[in-house]
Peer 1: 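Take this structure, written in structure tokens, and hold onto it; I'll ask about it next.
Everything quoted here is computed from the prediction, not taken from an experiment.
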Amino acid sequence: MKTQSSNIIKYLLYGTLLMILIMQYTGHPLKTPTTPGGILSLEFADTKTKVQAIYDAWQATNIRGRTNISQARINTYWDFVFIFFYSALFFYWNWISAQNPINNKYIGKAAGLFAIIAGTQDVIENLGMLKSLNGNISDATAGMTSLCATIKFSLLGISVLILMAQRFRIWRSRGDLA
């Protein structure tokens with residue numbers, strides 16, 4: 001069972017790391033003077049005015065011969081694959097760490113669920129961004145997208161911190177940190 005769990009975590013980790021590289025590559029042209037955060041600028045644009053400014057700035061053709069609007073769509077479509085890998089990785093890794101008697105199983109399982117909820121928020125966020133990238137820009141969509149991004153990053157951060165604490169406790173109990 002331990003080997004199977006290790007293999008699952010390893011494959012999810014490799015998939016997550018590969019998707020980070022793909023997301024960096026597809027998102028690189030989106031970093032402009034108007035949007036120094038790249039796609040994050042759109043994720044956290046919480047008003048119609050802010051989204052419209054990004055949309056207008058991204059009308060220009062980038063170094064790849066596309067508008068940044070189409071580049072942002074490509075990046076967002078890839079993000080759906082990334083969501084699967086990172087949310088499954090942190091869910092499963094927290095869930096497995098929670099099985100160790102040294103850890104609090106309820107906190108670990110909650111952290112795993114936080115990763116799934118973060119992934120769900122990311123899906124909703126992506127749908128809002130795609131709506132805006134198709135020119136359907138509104139305050140409601142901007143607000144929802146920004147709120148989902150905030151919830152996603154918060155829950156994912158909590159999930160990662162709990163995982164780190166769990167792993168530290170396991171390593172310390174084995175004497176690996178002595």
Side-chain angles (χ1 to χ4, degrees), residues 1-31 37-44 64 66 68 70-131 133 144-178:
M1 176 68 176
K2 185 174 182 179
T3 303
Q4 182 182 5
S5 296
S6 297
N7 284 338
I8 291 170
I9 290 172
K10 181 172 58 174
Y11 293 128
L12 290 172
L13 180 61
Y14 291 157
T16 300
L17 293 173
L18 175 63
M19 289 311 304
I20 288 170
L21 293 174
I22 291 170
M23 296 300 294
Q24 288 295 314
Y25 176 77
T26 61
H28 179 73
L30 303 175
K31 293 183 179 182
I39 199 74
L40 291 173
S41 299
L42 182 59
E43 288 180 23
F44 288 105
R64 296 185 183 148
R66 300 182 188 96
N68 277 337
S70 69
Q71 193 70 42
R73 283 190 199 109
I74 291 167
N75 185 260
T76 303
Y77 292 137
W78 276 111
D79 193 38
F80 285 108
V81 180
F82 182 44
I83 292 166
F84 166 77
F85 280 107
Y86 82 72
S87 62
L89 172 66
F90 289 114
F91 168 79
Y92 193 70
W93 208 346
N94 270 299
W95 205 265
I96 294 302
S97 290
Q99 305 310 311
N100 191 303
I102 196 119
N103 287 321
N104 183 310
K105 68 180 179 181
Y106 299 109
I107 292 174
K109 288 180 178 182
L113 291 175
F114 289 167
I116 297 299
I117 295 168
T120 304
Q121 293 298 304
D122 203 352
V123 168
I124 297 167
E125 168 198 308
N126 283 355
L127 294 173
M129 289 193 309
L130 288 170
K131 183 176 180 183
L133 290 168
M144 178 215 43
T145 301
S146 178
L147 177 62
C148 287
T150 302
I151 293 169
K152 169 190 74 176
F153 282 113
S154 298
L155 290 177
L156 198 55
I158 292 168
S159 180
V160 169
L161 288 174
I162 291 171
L163 176 62
M164 290 170 56
Q166 288 178 322
R167 298 310 303 169
F168 180 78
R169 288 179 65 140
I170 291 169
W171 292 327
R172 190 178 67 191
S173 73
R174 292 181 186 161
D176 294 346
L177 298 175

Peer 1: Could you give the distance from CG (Asn100) to CZ (Arg167), rounded to the nearest 0.5 Å?
Peer 2: 7.5 Å
Peer 1: Within the supplied structure, the quantity of interest is the number of heavy atoms (other residues, nucleotides, ligands) at a distance under 6.0 Å from Tyr25 OH; does it exceed 12?
Peer 2: no
Peer 1: If every non-hydrogen atom of Cys148 is compared with every non-hydrogen atom of Ile124, which pair is closest and at what distance?
Peer 2: SG-CG2, 3.5 Å
Peer 1: List the atom of Phe44, the atom of Phe153, and the distance in Å for their closest heavy-atom pair.
Peer 2: CZ-CD1, 3.5 Å
Peer 1: Drop me the distance from Phe91's CZ to Leu113's CG, to the nearest 0.5 angstrom.
Peer 2: 6.0 Å
Peer 1: Is any side-chain heavy atom of Ile22 closer than 4.5 Å to a side-chain heavy atom of Met19?
Peer 2: yes
Peer 1: Judged by atom type as modelled, is there a donor-acceptor pair below 3.5 Å linking the side chain of Gln71 to the main-chain atoms of Thr26?
Peer 2: yes
Peer 1: If every non-hydrogen atom of Gln166 is compared with every non-hydrogen atom of Asn104, which pair is closest and at what distance?
Peer 2: NE2-O, 4.2 Å
Peer 1: Going by heavy atoms in the side chains, are Met164 and Phe168 under 4.5 Å from each other?
Peer 2: no
Peer 1: At their closest point, which heavy atom of Ile102 faces which heavy atom of Ser173, and how far apart are they?
Peer 2: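 Shortest heavy-atom contact: CD1-CB, 3.3 Å.
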Peer 1: Rounded to the nearest 0.5 Å, how far apart are CG of Asn75 and CZ of Phe82?
Peer 2: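 Spacing of CG (Asn75) from CZ (Phe82) equals 10.0 Å.
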Peer 1: Run Ile39 and Met23 through side chain to side chain contact (heavy atoms under 4.5 Å, CB included) and show every step you take.
Peer 2: CA-CA 10 Å; Ile39 199 74; Met23 296 300 294; 5.8 Å; no
Peer 1: Got a sec: does the NZ of Lys131 have more than 12 other heavy atoms crowding it under 6.0 Å?
Peer 2: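 Open: at most 12 neighbouring heavy atoms sit under 6.0 Å from NZ of Lys131.
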Peer 1: Among Ile9, Ile8, Leu17, which residue satisfies the side-chain contact (heavy atoms from CB on, under 4.5 Å) criterion with Leu89?
Peer 2: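 Single pass found, and it is Ile9.
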Peer 1: Test side chain to side chain contact (heavy atoms under 4.5 Å, CB included) on Leu42 and Leu30; report intermediate values, then the result.
Peer 2: CA-CA 10 Å; Leu42 182 59; Leu30 303 175; over 6 Å; no
Peer 1: If you take all heavy atoms of Pro29 and Asn68, which pair is closest and at what distance?
Peer 2: O-ND2, 3.3 Å
Peer 1: Is the ring pair Phe90/Trp93 parallel, tilted or perpendicular, if the boundaries are 30 and 60 degrees?
Peer 2: parallel
Peer 1: Could you tell me whether a side-chain N or O of Asn94 sits under 3.5 Å from a main-chain N or O of Ala110, the two making a donor and an acceptor?
Peer 2: no
Peer 1: Please give me the minimum heavy-atom distance between Ser5 and Ile96, naming the atom from each residue.
Peer 2: OG-CD1, 3.7 Å
Peer 1: Roughly how far apart are Ile170 CD1 and Ser97 OG, rounded to 0.5 Å?
Peer 2: 4.5 Å
Peer 1: Verify the neighbour count for atom NZ of Lys105: are there more than 12 heavy atoms of other residues, nucleotides or ligands below 6.0 Å?
Peer 2: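 Atom NZ in Lys105 is not crowded, with 12 or fewer foreign heavy atoms closer than 6.0 Å.
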Peer 1: Working to the nearest 0.5 angstrom, can you tell me the gap between Thr150 OG1 and Gln121 CD?
Peer 2: 10.0 Å
Peer 1: Test: side-chain hydrogen bond (donor to acceptor under 3.5 Å, both in side chains). Region: residues 76-86. Which pairs qualify, not counting sequence neighbours?
Peer 2: Asp79-Asn126, Tyr86-Asp122
Peer 1: Please check this pair: side chain of Ser87 against backbone of Ala115, looking for a donor-acceptor N/O pair closer than 3.5 Å.
Peer 2: no
Peer 1: Can you tell me how far CD1 of Ile158 sits from CG of Leu163, rounded to the nearest 0.5 angstrom?
Peer 2: 13.5 Å
